[in-house]
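One structure is given below, encoded as structure tokens.
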Amino acid sequence: MRLPLLSGETNLKTHHCGALTTDQINLKVKLAGWVGRRRDHGGLIFIDLRDRSGLIQLVFDQRNGEKLFALAESLRSEYVVAVEGDLVRRSAENINPSLPTGEIEVHVTKMEVLNRSKTPPFYIEDDLTVDENLRLRYRYLDLRRPEMFNRLKLRHRAVKLVRDYLDSYDFLEVETPMLTRSTPEGARDFLVPSRVRPGSFYALPQSPQLFKQLLMVGGVERYFQIVRCFRDEDLRADRQPEFTQIDIETSFFGSENLFAILEGLMALLWKEILGVDLKLPFLRMPYREAMNRFGSDKPDLRFAMELIDIERLAARSNFKVFNAALSDGGSVKGLCVPGGSSLSRKDLDDLTLLSRQLGAKGLAWTFIEDKGWRSPIAKFFSAEVMDEITEAMGAVPGDVLLFVADRWEICCQVLGYLRRHLAPQGLAKDPHFLWIIDFPLFHYNEEEKRFDSDHHPFTAPRGEDLVFLDSDPLAVRAQAYDLVLDGVEIGGGSTRIHDPETQGRIFKLLGFSEEESHNKFGFLLEALSFGAPPHGGLALGLDRIVALLVGDDSIRQVIPFPKTAAAACLMTGAPAVVDEKQLNELKIMLKVDEGDEEE
RNA sequence: GGAGCUGUGGUGUAGUCGGUUAACAUAUCGGCCUGUCAAGCCGAAGACCGCGGGUUCGAGUCCCGUCAGCUCCGCCA
């Protein structure tokens, strides 16, 4: 690959190292990059010169000049050099078949050391096993590794595909504010103090939700944005305090069109980046079914192990735990672990403990053997019922059955967790996309003793469920949907409320007073009253999608400068104490004891 | 807020039942070496075992606390 902009006499590079091929043989080339491995044979030195494209072998021969050779001897790892030389074909016995540039090498005639380097704290090469602490502290060195550069590149390609694809459907990329106002509900906001109005704060957006709706009222019709979002909550492997969404909103579009557009986008990404053809359309599954069958609103469909309802059979037992759950209006559900006989008694105790921590009162279990059940609870069941349960759960000798009897939500949640926990190892990458639909509009918040939006307060209820809005809010289904891939929620969206009257009713149900609604969402209610079009959209988690495309478990791998689990940046030291002067300007006084502060 | 795992030369690891000199590889530095590509050979230097306290005649090892990283629960409209 020739670099047209870099071919002038004054430039350091005419080619990229890894892009050189036999086509350039006999050319004079100028290269620049980092010194990788150095193989010093005394009178002959080989250097792997690395740039973002890959590496090529440089050769220095003592017989071709002492001065240049002495300079080559002084090179160390990660020195930055510019060289000039002849690209030559290696003799047959010197070809390295494991290197893309293994048939060629550069006989250097001129070299300048552009910069020296301290000995790096870890090797700049792929497949390294080094403490993540170090990688994050020296992230710029970590990024020099080809593996990491390829992640950046793949992310760039994905984003470009998204932009071009949405552009081809007349979506317009529009920017929205980063300094906005804090809204109730949802995640904890990151706050930014106002200097001009002391005591007041901006919030960084958790998502551009309201702005994109206002863009619909503003007549944009098809909007998207690759946008940073901020949530001040505890981190996970797939959660960072700042992350990137592919944010989409449409007017006059309808959710069917939206599904089709999104499925097309996923198909494009998987085809262009992984060469995989996705089967369209994606499966759709109601929330209730996902919970009943898989105990999760983001089920991993790469393996079976479905939860089985055994309420009717449980009712025929003398097991008090089952009977009590049922008479309280709860459920009894089971999970069959194929080959579970390898679980030890301690494993089962651990699973029981885990179930308790997840909210269940306990975990019942039985081994399935040729003769039937081997279980502490076998005595509460007739032989007939035991056989019928075994059959209902599709169990064969060698399996273990796990049961939870509790409120329906607890049964689903706990067994769903155990299902994931006990999933077969080494599941192949096999994209099982699905839409989860028919989410409830609300859930009950035990702590606050009120209803919370399951999605967000701007989600439209399903028209036919509107009649329950006052009588039985929990029965109202939302026009909301999540996009799920192999157990990961990669996006979610909804049709929005577009009339101020319905929006007002929802705010009221959520426990906002008239004044509070007016105060915090007055601008939205007002906007809706000026001819808001029917609209809806969704947001995709870009980091998660890229991580899945790359095959990483953690989104830190695809974020160039991520935060640790304690939300710190090990490279810059953020967050950090600020100067007294800065606080004074903001009229902020810290409540922290002096002794607690660093510095 | 809670639970679990990890922390030993620059890096990756070993270190038994608590026992005296903390081992190995690699990187680093020096020497030899003209076809290596994880170059090779010879030599040198490099650790108060995350930090603090305790038990003990004696602690890398046991106990308590603490810090950092990771994973999970809570949390994440």
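Being a predicted model, the structure only gives us computed values, none of them experimental. Residue numbering restarts at 1 for every chain, and letters A, B, ... go by the order of the sequence lines.
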*Can you list the residues that meet the side-chain contact (heavy atoms from CB on, under 4.5 Å) rule with A/Asp349, with sequence neighbours excluded?*
A/Arg345
*Partner set under ring-ring contact (aromatic ring centres under 6.0 Å, His included) for A/His41, not counting sequence neighbours*: A/Phe46
*Does B/rA23 have a Watson-Crick or wobble mate here (both distances under 3.5 Å), and if so which one?*
B/rU13
*What does A/Pro457 touch in the nucleic acid at a heavy-atom separation under 4.0 angstrom: a base, only the sugar-phosphate, or nothing?*
base
*Could you tell me the separation between the CZ atom of A/Arg544 and the P atom of B/rC76, rounded to a whole number of Å?*
14 Å
*Would you indicate what A/Ser207 reaches in the nucleic acid, counting non-hydrogen atoms under 4.0 angstrom: base, sugar-phosphate, or nothing?*
base
*Kindly indicate whether a cation-pi arrangement holds for A/Arg450 with A/Phe442, taking the cut-offs as under 6.0 Å to the six-membered ring centre and within 45° of the axis.*
no
*Separation of B/rC33 C1' from A/Glu73 CD (nearest whole Å)*: 11 Å
*Using a cut-off of 4.0 Å between protein heavy atoms and nucleotide atoms, how would you tag nucleotides 65-75 of chain B 5' to 3' with B, S and -?*
---SSSSSBBB
*Name all residues meeting the salt bridge (Lys or Arg N to Asp or Glu O under 4.0 Å) criterion together with A/Arg76; count only those two or more places apart in sequence or in a different chain, and write none if there are none.*
none
*With both distances under 3.5 Å as the test, what is the Watson-Crick or G-U wobble partner of B/rU71?*
B/rA3
*Across the strands shown, which category fits A/Phe46 at heavy-atom distances under 4.0 angstrom: base, sugar-phosphate, nothing?*
base
*Mapping A/Asn96 and A/Phe122 to their closest nucleotides on RNA chain B, which lands nearer the 5' end?*
A/Phe122
*Taking only residues two or more places apart in sequence or in another chain, which ones pass salt bridge (Lys or Arg N to Asp or Glu O under 4.0 Å) with A/Arg228?*
A/Glu242
*Is any N or O donor-acceptor pair between the side chain of A/Arg76 and the base of B/rU28 shorter than 3.5 Å?*
no
_Using a 4.0 Å heavy-atom cut-off, does A/Leu134 contact any base of the nucleic acid, only the sugar-phosphate backbone, or nothing at all?_
sugar-phosphate
*Between A/Arg90 and A/Gly43, which has a closest nucleotide on RNA chain B that is more 5'?*
A/Gly43
*For A/His498, what residues pass the ring-ring contact (aromatic ring centres under 6.0 Å, His included) criterion, not counting sequence neighbours?*
none
*Using the C1' atom in both, what is the distance from B/rG2 to B/rA22, to the nearest Å?*
37 Å
I'd like a list of close polar pairs between nucleotides 39-43 of chain B and the protein, N/O only, cut-off under 3.5 Å.
residue	atom	partner	partner atom	Å
B/rA39	OP1	A/Arg37	NH1	3.1
B/rA39	OP2	A/Arg39	NH1	3.2
B/rA39	N6	A/Asp40	O	2.7

*For A/Asp552 and A/Ser554, test the side chains for any donor-to-acceptor distance below 3.5 angstrom and give the result as yes or no.*
no
_Parallel, tilted or perpendicular: which one describes the rings of A/Phe451 and A/Tyr444, with boundaries at 30° and 60°?_
perpendicular
*Taking RNA chain B as the partner, which of residues 488-506 of chain A come within under 4.0 angstrom of it by heavy atom?*
none
*Excluding sequence neighbours, so at least two apart, what forms side-chain contact (heavy atoms from CB on, under 4.5 Å) with A/Leu68?*
A/Phe60, A/Val108, A/Met111
*Taking salt bridge (Lys or Arg N to Asp or Glu O under 4.0 Å) as the test, write out the residues that go with A/Lys508, two or more places apart.*
none
*Counterpart base for B/rC37, defined by Watson-Crick or G-U wobble contacts under 3.5 Å*: none
*asked:* Could you work out, with salt bridge (Lys or Arg N to Asp or Glu O under 4.0 Å) as the rule, every residue matching A/Arg288, not counting sequence neighbours?
replied: none
*Distance between the C1' atoms of B/rA47 and B/rG12, in whole angstroms?*
15 Å
*Interatomic distance, A/Leu75 CG vs B/rU28 P [rounded to whole Å]*: 13 Å
_For a quick check of understanding: with a heavy-atom distance under 4.0 Å over all strands, which category does A/Gln209 fall into, base, sugar-phosphate or nothing?_
base
*Is there a Watson-Crick or G-U wobble partner for B/rC62 with both distances under 3.5 Å, and which nucleotide is it?*
B/rG54
_Could you work out, with ring-ring contact (aromatic ring centres under 6.0 Å, His included) as the rule, every residue matching A/Phe458, not counting sequence neighbours?_
A/His456, A/Phe521
*B/rC48 pairs with which nucleotide, Watson-Crick or G-U wobble, both distances below 3.5 Å?*
none
